[in-house]
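The next block holds one structure in the form of structure tokens; read it before the comments.
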Amino acid sequence: MAATAEKKVQVFDTEDEVAVSLAKYIAHLSEKFCKQRGAFSVVLSGGSLIETLRKLVEPPYIGSVDWSKWHVFWLDERVVPKTHKDSNYKLAYDGLLSKVPILPGNVYAINDALSAEGAADDYETRLKRLVGNTNVLAVSASGFPKFDLMLLGMGPDGHVASLFPGHHLLRENKRWVTFIKDSPKPPPVRITFTFPVINSSAYIALVVTGAPQAKAVQRALGKGQNSDKLPVQMVSPEGELTWFLDRDAASGRDKRMFRWVSKCCLCV
Ligand SMILES: O=C(O)[C@H](O)[C@@H](O)[C@H](O)[C@H](O)COP(=O)(O)O
């Protein structure tokens, strides 16, 4: 039986406070894994997450984090050139990678010259080469890659990565990386990690800010029973899951949920 994930929920008054706490959390894990294994594998999402990482490129972290040991991957990527405005690589480069001394060879962007199918196959092949024969990527008991930290955003519909409600990709349980050509969130063509890979992660931070996400947060953290799970409700890592919420995202209509969540954050 899969280990039950330890779930922590932290609610902050503002997005800025989320950013401060998230930077501290990431710097702590970076130090932990760099000491333990001499490497730190971090997986990025797109969207507003990258902006919320801004405190990492400020003192003290800009000088204290051992960036040379970081290996950076993407949970999902749009199948566009890396210079395109829709590229998650470009978003991360502009907001983070261009500001810190991560080694270029340790940044694993997709091959943007390939089709969706080809880019997914290529990314999966490259990951398989990294598992086991280097200290970059551990492997979980189920044989899937075990990343140290995944940084997830969540859409208003409860999607994570490019895994959307009701999509057949939610049931993909063999492939590490797959592709979608009908993403309801533009652009339509993307590659994405699958849930077996997401849930093999040692640590997951679910970073959700803003009122548009409140309904999906309420459904994910509330006590109601829903037959069809949102993708975000399928995030249940073998390791530790921590929600980083601002008050707007945690302001679901159900005040009991909010009280429950705020009580939860006291237990953190
Ligand atoms: O490529 C993408 O679009 C992202 O990986 C996606 O999964 C994102 O994390 C959510 O859509 C939340 O985006 P926002 O934080 O901008 O709402």
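Atoms within a ligand are numbered from 1 in the order they appear, just like the ligands themselves.
- Side-chain polar atoms of Thr242 and Gln10 form no donor-acceptor pair below 3.5 angstrom.
- Judged by a 6.0 Å distance limit and a 45° cone about the ring axis, Lys8 is not positioned over the six-membered ring of Trp243.
- With Ser87 contributing its side chain and Thr83 its backbone, the two residues share no donor-acceptor pair below 3.5 Å.
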Please tabulate, for side-chain N and O atoms in residues 36-47, each donor-acceptor pair with protein atoms closer than 3.5 Å (sequence neighbours left out).
residue, atom, partner, partner atom, Å
Arg37, NE, Asn135, O, 2.5
Arg37, NH1, Asp148, OD1, 2.9
Arg37, NH1, Asp148, OD2, 3.4
Arg37, NH2, Asn135, O, 3.3
Arg37, NH2, Val136, O, 2.9
Arg37, NH2, Asp148, OD2, 2.9
Ser41, OG, Asp148, N, 2.8
Ser41, OG, Asp148, OD2, 3.1
Ser45, OG, Leu151, O, 2.8

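- Near ligand 1, residues Ser45, Gly46, Gly47, Ser48, Asp76, Arg78, Asn88, Gly153, Met154, Gly155, His159, Ala161, Lys185, Arg190, Gln213 come within 4.0 angstrom through at least one heavy atom.
- When atom types are taken as modelled, the side chain of Thr52 and the backbone of Ser48 share a donor-acceptor pair closer than 3.5 angstrom.
- A donor-acceptor contact closer than 3.5 angstrom is absent between the side chains of Thr194 and Trp176.
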